[in-house]
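In what follows, every chain begins at residue 1, and chains take the letters A, B, ... in the order their sequences are listed. Because the structure is a prediction, the values reported are computed rather than measured.
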Amino acid sequence: MATPMEQLLERRRNAKFHLFRDKFSADVRITVGSATCENAAGSEAVRRRFQELLDQHKPKHVVIGNVGCSGKCDMEPVVLIVRPGELPVKYVHMTPERVDEVFAEHVLNGRQVEKYTMRHEAGMPAADRVISVCEGAHCRAQSSEIQKAFRESLAAAGLAEKVVVTPSACQGLCAAGPVAYVYPDDVMYQHVTPEVAARIVNEHLVGDRPCSDHIWQESRVTNRFAPLYSDVYFFGKQLRITLRNCGVIDPESLDEYLAVRGYEAAVTAMTTMTPMDVINAITKSGLRGRGGGGFPTGVKWNFAASQASDTKYIICNADEGDPGAFMDRSTIEGDPHTIVEGMILAGYAIGAKRGFVYIRAEYSLAIKRIEKAIEDARAAGFLGKGIFGTACDFDIEIRLGAGAFVCGEETALIHSIEGERGQPRPRPPYPAVIGLWGKPTVINNVETMANLPAILLDGPEWFASIGTARSKGTKVFALAGKVKNTGLVEVPMGTTLRQVVFDVGGGILNGKRFKAVQTGGPAGGCMPESALDTPVDYDSLMAAGSIMGSGGMIVIDEDSCMVDMARYFLDFTQDESCGKCTPCREGTKRMLEILNRITSGRGVEGDVEKLLRLGDTIKKTSLCGLGQAAPNPVLSTINHFRAEYDAHIREKRCQAGVCTALLSYTIDPEKCVGCGACAKKCPVNCIKGQPKSVYVIDGVRCIRCGNCFKACKFNAVQRK
Amino acid sequence: MMVSELMKVEDDKARASLPEAIVRYIESVRSCEHGESYLIAVLHKVQEHFGYLDMRQMSAVSQLMQIPSAKVTGVASFYHFFTFVPRGKHKLAICLGTACFVKGAGQVLDKIKELLRVDVGHTTKDQLFSLDVARCVGACALAPVLIVDEKVYANVKPDDVARILEEYGFAAKK
């Protein structure tokens with residue numbers, strides 16, 4: 001009788017055999033992004049067009065497949081084309097028309113269509129090779145010296161045009177640092193010094209003989225796919241642990257997950273470790289809950305494990321409710337088996353036989369993918385009775401949320417799974433002691449679950465080496481708003497906000513001025529320019545008046561009004577308040593009324609003080625996290641942008657031009673040339689005048705729509 | 001009549017107001033451990049079938065699941081996903097997630113309200129459109145996003161609204 005591990009390895013061999021036969025041996029492999037956002041951007045039409053062309057031309061040995069979202073949202077739909085012996089090429093902003101061109105040129109004739117490639121789009125120089133030199137905390141001191149040595153040696157060898165040297169984020173190989181990665185050769189060099197850099201250029205790049213004594217030989221489940229990401233400029237500044245398989249494997253294929261050491265962590269844990277060993281490993285790794293609270297995962301597990309109860313539950317919280325956050329959706333859509341494996345590990349650690357995925361009903365594709373993953377895992381004997389051939393039982397059930405932000409709170413979520421209104425209850429007792437149906441229950445967020453297999457495979461010590469003293473590993477952010485590169489980014493803890501917004505995010509759109517970055521969603525705060533050097537970790541963000549939250553990161557530029565921003569978030573939390581406790585239910589309502597008053601020009605002296613007092617009371621007296629955090633967006637904007645509040649209240653002026661009630665439009669007679677463009681656009685005909693003479697706006701009838709402001713080519717319409 | 005006969009009459013009435021598949025689903029979950037916990041799942045199915053929830057269907061769910069109708073209504077009204085208003089032929093949802101909001105979704109919403117003369121959560125008089133606010137749909141790179149039925153419109157500006165609505169039979173009143 002084969003052991004569980006032998007059985008798993010046999011399965012993996014078969015999976016690899018099938019994959020090689022059906023896919024990897026193909027002359028051309030095409031993968032199309034398939035995720036909610038990719039589909040919204042039009043990836044289904046792109047995929048259909050490829051299929052039509054394939055049916056029409058029937059080229060030999062061309063295969064097409066799907067992958068989840070790679071996180072490069074602003075360039076979707078993304079298509080990857082791999083031909084053996086060539087650089088993988090990523091095409092962006094694909095349309096059926098572009099598919100025709102790419103198919104004819106690249107797929108059939110092997111000629112890249114340069115103008116649609118990600119590299120070209122990103123404005124990066126064409127190069128045969130890229131060397132990325134780690135700039136993470138451990139390597140930083142020597143990094144610039146090493147980069148300089150690379151550049152000098154390259155120039156001396158006449159390769160300056162052909163090889164690009166770029167810094168990268170911490171690659172999680174600190175013990176081997178400083179490290180440098182040569183792409184597309186897929187060679188990682190360790191313990192690099194300026195002298196070694198010169199050797200790499202001369203021996204490897206010129207002489208084609210890699211310096212074997214400095215090659216890093218170990219294997220990690222993270223970062224194996226660097227060549228396939230095909231865009232070291234964007235991805236090189238990230239470290240992908242949670243998202244290690246997203247955008248790389250087909251999320252609907254168990255075989256592909258098995259091929260990347262899928263379920264190895266679960267089998268290893270269940271056959272060679274006791275539940276306590278697993279808990280100790282996770283505790284040692286320093287992993288903290290990624291849902292926002294940052295509670296140490298191992299400690300939480302230990303509470304549940306030490307309860308004497310024969311029934312316990314694991315819940316994976318995928319009810320991603322923050323507006324502007326989509327990490328969990330992308331993770332599930334891109335790599336659902338990781339979540340299943342994470343839940344198996346968590347279940348084994350605390351002794352639970354049943355698990356629930358509580359997921360937003362709106363996430364139809366994510367639901368479909370996790371359902372399929374659960375079914376496939378069950379069919380393979382990875383879920384159900386006696387999983388992996390061991391004596392343990394574990395199964396997972398999906399429960400749909402129904403749109404209640406408060407269900408992010410653990411006790412509210414439990415009520416919702418029980419079929420009740422999702423209202424919280426006082427803690428303690430904590431769910432780890434008395435949870436679902438009164439039994440010990442551990443609730444972990446999607447991102448927390450996704451980290452578990454990687455921690456067990458690559459080791460808790462390795463995980464603990466990444467990040468800061470009290471925040472280990474990485475954090476995934478959904479970077480959006482007025483930033484050039486929107487998308488999912490995963491960076492080591494301790495990366496500064498400035499690095500995320502400007503290095504990974506590429507800075508502000510349309511050359512506008514940065515105003516603030518908002519983290520933590522409706523429970524978080526807005527941080528101004530002066531706080532940009534705050535490192536991203538639980539404690540630093542908290543100290544700066546925001547929170548880590550689940551990972552929404554919205555960049556705000558000068559066109560947004562901070563009072564209006566605060567009003568927006570409060571409007572959301574007020575609407576989402578479950579109504580159980582008075583401070584939250586009534587307090588947020590009163591705060592919202594004051595903010596509405598201010599943004600509509602009826603603010604009075606003392607309003608800000610009232611907001612501060614109310615906010616403080618709500619924070620101190622609310623029952624659950626929703627209420628306790630609801631005033632944060634208001635308090636942090638008052639703290640950092642008090643002048644905007646004062647301008648709204650005292651001068652009835654909205655600097656950003658957002659609060660329409662405070663705006664007035666006039667025409668500067670000096671600049672008006674009498675073209676009449678403004679009058680034509682006015683929907684209420686309140687602009688009077690004759691051609692070639694100065695036009696005048698009737699301020700009483702004006703509805704402040706701003707059409708005239710946009711229509712005037714001579715900047716004669718003034719907005720105040 | 002005996003109590004059991006009365007129950008049967010009520011049960012039959014309840015069965016008649018729900019599609020057979022949902023009745024079967026309720027019967028299958030009732031025998032599960034913690035059967036009442038499937039209430040939200042049942043309501044999802046009812047809304048998926050009818051497009052909204054009305055009193056008749058909720059009473060039927062209450063009867064078949066043996067959960068007090070006050071609780072059924074309480075749960076249904078607590079969650080945003082459930083609606084008690086019949087939906088229009090086309091369902092508009094404007095995303096008001098933070099990214100969409102920062103990029104001007106509020107103005108797009110105002111424009112829709114102005115053109116259709118309908119408030120959020122309601123349906124136009126001609127039953128052609130119903131208007132909802134979506135929470136973040138996770139397509140933040142495409143912000144602001146307007147969803148009509150299943151189709152997603154990206155980077156929508158207030159000036160685009162009329163043209164998009166016209167695709168679905170909207171005729172602007174002059």
Side-chain angles (χ1 to χ4, degrees), chain A residues 35-37 39-42 72-76 320-326 329-330 360-363 399-405 407 416-423 436-437 478-482 486-487 518 521-522 552 554-557 559-560 564-565 568-569 572 575-576 578-579 658, chain B residues 29 32-45 47-48 65 67 71-72 74-83 93 95-107 110-111 114 132-143 145 147 150-155 158-159:
Chain A
T36 301
C37 42
N39 292 352
K72 200 75 185 78
C73 306
D74 55 326
M75 293 192 177
E76 288 169 349
E320 189 171 44
D322 278 21
F326 50 101
R329 176 183 62 70
S330 288
R360 275 181 77 182
E362 291 93 331
Y363 282 180
R399 291 295 175 102
L400 299 188
F405 180 65
C407 288
S416 184
I417 293 187
E418 289 171 347
E420 308 271 341
R421 298 163 66 109
Q423 289 182 314
L436 189 60
W437 296 303
L479 188 60
K482 304 283 186 65
T486 51
Q518 210 277 346
I554 311 282
V555 179
I556 297 163
D557 72 2
D559 287 347
S560 291
D564 187 53
M565 250 355 262
Y568 162 78
F569 280 117
F572 178 88
D575 190 38
E576 292 295 342
C578 78
V658 173
Chain B
V29 297
C32 293
E33 193 190 359
H34 306 298
E36 72 289 345
S37 73
Y38 291 89
L39 174 59
I40 293 170
V42 170
L43 292 175
H44 270 298
K45 286 187 187 292
Q47 176 159 309
E48 198 180 318
M65 292 191 80
I67 294 174
K71 187 178 156 187
V72 175
V75 168
S77 61
F78 181 83
Y79 293 97
H80 292 266
F81 198 79
F82 299 122
T83 167
C95 178
L96 279 193
T98 315
C100 287
F101 180 77
V102 167
K103 287 196 167 177
Q107 285 94 299
D110 289 343
K111 190 75 186 180
E114 177 198 324
D132 283 296
V133 165
R135 323 251 236 107
C136 183
V137 293
C140 304
L142 311 172
V145 167
I147 304 139
E150 299 282 292
K151 187 164 178 190
V152 177
Y153 292 85
N155 302 313
D159 292 347

Side chain, backbone, both or neither of [X] within contact of chain B (heavy atoms, under 4.5 Å):
X: A:Cys578; answer: both
X: A:Ile417; answer: backbone
X: A:Arg421; answer: both
X: A:Ala325; answer: backbone
X: A:Asp322; answer: backbone
X: A:Val658; answer: neither
X: A:Asp575; answer: both

Under 4.5 Å from a heavy atom of chain A, the part of B:Lys151 involved: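 It is neither, since no heavy atom gets under 4.5 Å.
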Toward chain A, the part of B:Glu33 with a non-hydrogen atom under 4.5 Å: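 Interface part for B:Glu33: side chain.
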What residues form a side-chain contact (heavy atoms from CB on, under 4.5 Å) with A:Ala478, not counting sequence neighbours?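 Residues passing side-chain contact (heavy atoms from CB on, under 4.5 Å) with A:Ala478: A:Phe326, A:Met327, A:Leu488.
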In terms of heavy-atom pairs under 4.5 Å, which option from B:Leu39, B:Val75, B:Asp110 contacts chain A the most?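 Option with the greatest count: B:Val75.
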For B:Lys71, is there any backbone N or O sitting under 3.5 Å from a side-chain donor or acceptor partner on A:Glu420?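 No; zero donor-acceptor contacts below 3.5 Å.
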Mind checking ring-ring contact (aromatic ring centres under 6.0 Å, His included) for A:Phe572 and listing every partner two or more places apart, or none if nothing turns up?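 Partners of A:Phe572 by the ring-ring contact (aromatic ring centres under 6.0 Å, His included) criterion, ordered by chain and then number, come out as A:Phe405.
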